[in-house]
Amino acid sequence: MIDKTYQPSEVEGRIYETWERAGAFRAGRPERASAEPYSIVIPPPNVTGSLHMGHALNNTLQDILCRFERMRGKDVLWQPGTDHAGIATQMVVERQLMERQEPGRRDLGREKFLERVWAWKAESGGTIVKQLKRLGASCDWSRERFTMDEGLSRAVVKVFVELYRAGLIYKDKRLVNWDPKLLTAISDLEVVQVETKGHLWHIRYPLEGKTFDPNDQSTFIVVATTRPETMLGDAAVAVHPDDERYKHLVGKNVILPLVGRTIPIVADDYSDPEKGSGAVKITPAHDFNDFEVGKRHNLPQINIFSIEAKLSLKDNDAFLSGVTNPADLEETLAMHGLDRFVARKKIVERLETKGLLEKIEPQNHVVPHGDRSNVVIEPFLTDQWYVNAKELAKPAIAAVREGKTTFVPKSWENTYFNWMENIQPWCISRQLWWGHQIPAWYGPDGKVFVALNEDDAKTEAHEHYGKPTELTRDEDVLDTWFSSALWPFSTLGWPDETPELARYYPTSALVTGFDIIFFWVARMMMMGLHFMKEVPFHDVYIHALVRDASGAKMSKSKGNVIDPLHLIEQYGADALRFTLAAMAAQGRDIKLSTQRVEGYRNFATKLWNAARFAEMNACATQPGFDPKSAKETLNRWIAHETAKAVREVTEAILAYKFNEAAGAAYRFVWNIYCDWYLELAKPVLLGADNPAKKETRAMVAWARDEILKLLHPFMPFVTEELWAVTSAPPRDAMLALSNWPVFSFADERAETEIGWVIDLVTAIRSMRAEMNITAQIPLVLAAASDETKARAERWAEFIKRLARVSDISAAASAPQGAVQLIVRGEVVALPLKGVIDLAAERARLDKELARAEADIKRVDAKLANEKFVANAPEEIVEEEKEKREEALGRKAKIAEALERLKGAA
RNA sequence: GGGCGGUUAGCUCAGUUGGUAGAGCGCUUGCUUUACACGCAAGAUGUCGGCGGUUCGAGUCCGUCACCGCCCACCA
């Protein structure tokens, strides 16, 4: 006996265990050795993370694809794993140390600290995997990988070495985005621009050879800046070559205030006469644009900050060189060690007291912040490792252009091209400890040896120096995304030539959010093409963001985060999954509302109860039952409808239209199977035993089984449970490993016949509700065709039951004072003399008449239009003509009905 | 500044190649109809953001404007 109610929380865990025990999600199952492979690599969640709504959506969609393809008989590999998430994880552990008032990272030292991180990983690393299982993710967990696994680390080192040897990885001293809180370089992508209220300080730079006079403009030049503290590192002042105001000053020098260094005034196109004063200070060591200007004019790069973004002025040769006017340098040097923002204030104060500050304007501008640390990023001159992304991007761009990889929706390809075509060198070194340490060793003279391991590096060094030499390893680690970029092949065993690599690469599809197209998708394309000579995936399905019900991005700080696990507990994983799938329309964000989840929980319950109904009526799966051989019209009709649903769902999933697939399945189950098929089947099932009943029982069970299959990718738990509890006779396989429906069948005659029954019942019900009639009433077919009469006879029992009709008869015309309905062009009458309000009935018919007349008018207008008749496709014109006939007939019937009503009055 | 997306029923959103607008929720009314009240039945609600164009015909194609959102670039 199926339980009266379905309790997801009691079922889901057990079902998942059954799948795992059976190895249902294992790739390479022996019986599928010759099957077509289908593979997806999971976007690896942070190892210490926990499931949020974005994961829920992302993994639901992947699971739908994997379960669908698995049922279609493919050898599916859904490759799971987690990411070490360098910065994020290191931050978590550092915060933990601080909270527990334990020694910090630097006090612990690298080795001890890393032990702590591994311990943390061991402690919380399994959380996200457990949560993915609760969602129902059908990953092959036996193949779970971690980006810092031995194997994956080997891949990382090999990639680094090979790219280095190919000249595609190099070390360079240039400006990077420096995070003064995390004390590491970060890539352009990890910088977020934040709109900030700031100021524009206009500073007077005295001209060399003149006596500075605040009231005499010919003794100075004004520069404007939002970062006055950087002036200590100025190397020049630039003006536009065509700017008449400053032409005469080009080639002259100014004396840098507070420092006394003599710096030139140069002409450069970079200077924008419209901005600020038109003269711009050039600080090559602290501004990306100025860096370029500096190179053009051979200016010194004067770094004034330490790595903590504190002034480092003393013992700074570049800073002190060229000082020709040391008058107040001492006081400036006293600021050594000040934080950049404290220094800013102080410098402004000092400029002001000296009359060097012309004015301060309020100014809104965008300031770069670290996406993790949320502090202001400082452009900082350091040695870092870079990937020549421009070179690697070329084949990656071509592959998408040639259609080897396709984005869905296609519009994301523009985003991809736009970024790839303007790609900058990728800074991959991080001054962190948690991650893959860079395989580079330095000799005493700084000569670098990049090698797969220390021994190789030593051998190389021996050869180079002619003797054994002590080497020190580069302390930095690689950007987390460096190892993620290898994910589609590193997880399959590369650099070894494993059978898995041969079988599952390139992967079939990648499912991910648009926010990591640059971080991840683009880089996988580059690395995959370079090392595997093939794209990493055929399709890239880009889904949207999950927002809260009012459209705001979910964030902890806003407190609007909906916890998917909470929803799973409350409504079941199936309800959450179905909601996400149903709302996953391409190219649109998902605004999640709990009500919607509740609605799909109800859907699961509906399905459950339909199965209970089947069971109560002894509808059991009949092995070998062929739905196409059904004799009963009703059964042929549901076979017809099932075929339609199978087609719709299959096509929609193949097109990544998850919402359409979910919608088609939902409508079929609820509005076709439950609302009509089961209702119409009741008289048969409750009636005497006969062949029709036998067939109907088989068909009810067959359609239910097809429904379970169709819904399984969306609602794996409830369907698998129903598959099990309805398993008499026993099933050949669990649902997850059963065959996806392949069923085409059409029976237009059955469709017409059942359509007529539905229309008739609906019309009567509608009238009853409208006129507030609850009693059983007789039905009279007026001037009905023989076919209609025959139909009415065939379906009498059904009609009586569903429309609460006491008796069905035929007559030449409708009886006096009857309510008259038009069903498919014919009048059916419900004799209700004395019961109905004649005036109300007349009003109702008048309204219908008007509607019919309006329809005729509209169609006539169209058909009278010569251009329409001449230009519209024949079938459209034909359709219009049919509509006209139909409306004319309807109008006549209504008019007659009205006549008869008058007679009754 | 460059680019992308959105604007359709009270709310959240669908709408295939142009052929007289749909769903869920909510709302109204009526139902202990022996699977299901997480249910059944019936119903109401739209100048499809504005303007212009193409077309026999536009929610759908083109142009334009408005508002909302996102991405990229930008610390004078």
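Reminder, nothing fancy here: chain letters follow the sequence lines and each chain counts from 1.
If you measure from atom CD of A/E648 to atom C1' of B/rG15, you get 14 Å, rounded to the nearest angstrom. The distance between atom CD1 of A/I799 and atom P of B/rU33, rounded to the nearest whole Å, is 22 Å.
In this model, a side-chain donor or acceptor of A/R601 finds a partner on the base of B/rC38 within 3.5 Å. Remark: the A/E679 side chain and the B/rA35 base include a donor-acceptor N/O pair separated by less than 3.5 Å.
For A/R768 (side chain) and A/I773 (main-chain N/O), a donor-acceptor pair under 3.5 Å exists by modelled atom type.
B/rC36 and B/rA41: their C1' atoms are spaced 15 Å apart (whole Å).
When heavy atoms are screened at a 4.0 angstrom cut-off, A/P379 is found touching no nucleic acid atom at all. When heavy atoms are screened at a 4.0 angstrom cut-off, A/Y270 is found touching base atoms of the nucleic acid. As judged by a 4.0 angstrom heavy-atom cut-off over every strand, A/N414 is placed among residues making no nucleic acid contact. Within the 4.0 angstrom heavy-atom criterion, no nucleotide atom of any strand lies near A/N418. Base engagement by A/V376 is indicated by at least one non-hydrogen atom pair under 4.0 Å involving a base atom.
Remark: the A/D268 side chain and the A/H297 side chain contain an N/O donor-acceptor pair separated by less than 3.5 Å.
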Can A/K359 and A/E361 be said to form a salt bridge (charged side-chain N to carboxylate O under 4.0 Å, His left out), step by step? CA-CA 7 Å; A/K359 60 176 171 179; A/E361 290 175 312; 3.8 Å; yes
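Applying the 4.0 Å criterion to OP1 and OP2 of B/rU34, one finds that A/K682 has every side-chain N and O outside that range.
When distances run from any side-chain atom of A/N609 to the nucleotides B/rC75, B/rA35, B/rC56, the shortest one goes to B/rA35.
Between A/D855 and A/K883 there is no salt bridge, since no side-chain N of the basic residue sits under 4.0 Å from a carboxylate O of the acidic one.
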